[in-house]
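Okay, structure first, notes after.
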Amino acid sequence: MWCGVITLFPQMFKVISECGVSSRAIKEGLLGLATWDPRDFTTDNYATVDDRPFGGGPGMVMLATPLRKALESAKRAAPRKPRVIYVSPAGKRFDASMARKFAMNDEPLIFIAGRYEGIDQRVIEHDVDEIISIGDYVLSGGELAVMVIIDALTRWIPGVLGHEQSAPNDAFSEENAGLLDCPHYTRPATLENQSVPSVLLSGDHQAIKRWRKKQSLGQTWLNRPDILEKLTLDETSQALLAEFQQEYES
Ligand code: 9WO
């Protein structure tokens, strides 16, 4: 999987290139990550990347030409024809299925992270293939949204996570039928008289699997009923949820 990012703050991407799962994926050659700074593609003495908006109004707009030159350079570096993605609150909402699709398709991606009030609309209309949002709020720049997307899709790249099943067991994964994750515990078994559910210490893998599914159903019912409403539960899951609800309400 290869990702390029057009950004005025390439140093921000050290967070994913030097830390955590994405850093290991890069080291293992499972993820390629490179950044292009539009400032490096300016020709004036001030390295100008923005200008006042036509029609007036507050703030500045990112100039198209440095963006396009940076984008052309990134496209030349991509292993194959890339998909160009602009991140904005106006985009299609990013979710686990999109993350999985990007990772499984292995299509090179080039992200454009905007700053100021945004980028010249002609770049969006003529150079961008897809607009993606990570939520209904405005950040100070697109970089954090790009990092969220890259981190989430990296977990789906085959071989990245130690236990091949980890990503499918993530919350919102299809294998978990889009349910929230179950609670997790680790040593010590007793912590300031707070214990671990005994089933997790039993060694009974069937009972543990049943408990985890029941907890995922219950946590989704409690915290994200909107997700549960969209799901069609089989009889086993319906019975497990009823059992959780009965215990919760007793
Ligand atoms: C801001 C905005 C606000 C409401 C509706 C649409 C919008 N688009 C943008 C926009 O493109 N802003 C630029 C990129 C400039 C300001 C920083 N940018 C940004 C992207 N802030 N927040 C995002 C973002 C990206 C993805 N998901 C959520 C927020």
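Counting from 1, the numbers follow the sequence of the chain as shown. Order of appearance sets the numbers: ligands from 1, and atoms from 1 within every ligand.
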Residues 61-71 side chain polar contacts: donor-acceptor under 3.5 Å, at least two apart:
unit_1: Arg68; atom_1: NE; unit_2: Asp127; atom_2: OD1; d: 3.4
unit_1: Arg68; atom_1: NE; unit_2: Asp127; atom_2: OD2; d: 2.7
unit_1: Arg68; atom_1: NH2; unit_2: Arg122; atom_2: O; d: 3.3
unit_1: Arg68; atom_1: NH2; unit_2: Asp127; atom_2: OD2; d: 2.9

Could you tabulate the donor-acceptor pairs under 3.5 Å formed by side-chain atoms of residues 136-154, not counting sequence neighbours?
unit_1: Asp136; atom_1: OD1; unit_2: Arg93; atom_2: NH2; d: 3.2
unit_1: Asp136; atom_1: OD2; unit_2: Arg93; atom_2: NH2; d: 3.2
unit_1: Tyr137; atom_1: OH; unit_2: Ile134; atom_2: O; d: 3.2
unit_1: Glu143; atom_1: OE1; unit_2: Arg115; atom_2: NE; d: 2.9
unit_1: Glu143; atom_1: OE1; unit_2: Arg115; atom_2: NH2; d: 3.0
unit_1: Glu143; atom_1: OE2; unit_2: Thr7; atom_2: OG1; d: 2.6
unit_1: Thr154; atom_1: OG1; unit_2: Ile150; atom_2: O; d: 2.6

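Side-chain contact check for Ser97 and Lys101: no donor-acceptor pair (N or O, by modelled atom type) lies under 3.5 Å.
Applying the 6.0 Å contact sphere to CD of Glu247 captures more than 12 heavy atoms from other residues, nucleotides or ligands.
With sequence neighbours excluded, no residue forms a ring-ring contact (aromatic ring centres under 6.0 Å, His included) with Trp211.
If you run side-chain contact (heavy atoms from CB on, under 4.5 Å) between Trp221 and each of Leu228, Ile227, Leu179, only Leu228 comes through.
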Distances for all N or O pairs of ligand 1 and the protein under 3.5 Å?
unit_1: ligand 1; atom_1: 8 (N); unit_2: Ser88; atom_2: OG; d: 3.0
unit_1: ligand 1; atom_1: 11 (O); unit_2: Tyr86; atom_2: OH; d: 2.6
unit_1: ligand 1; atom_1: 21 (N); unit_2: Leu139; atom_2: N; d: 3.1
unit_1: ligand 1; atom_1: 21 (N); unit_2: Leu139; atom_2: O; d: 2.9
unit_1: ligand 1; atom_1: 22 (N); unit_2: Leu139; atom_2: N; d: 2.8
unit_1: ligand 1; atom_1: 27 (N); unit_2: Ile134; atom_2: N; d: 2.9

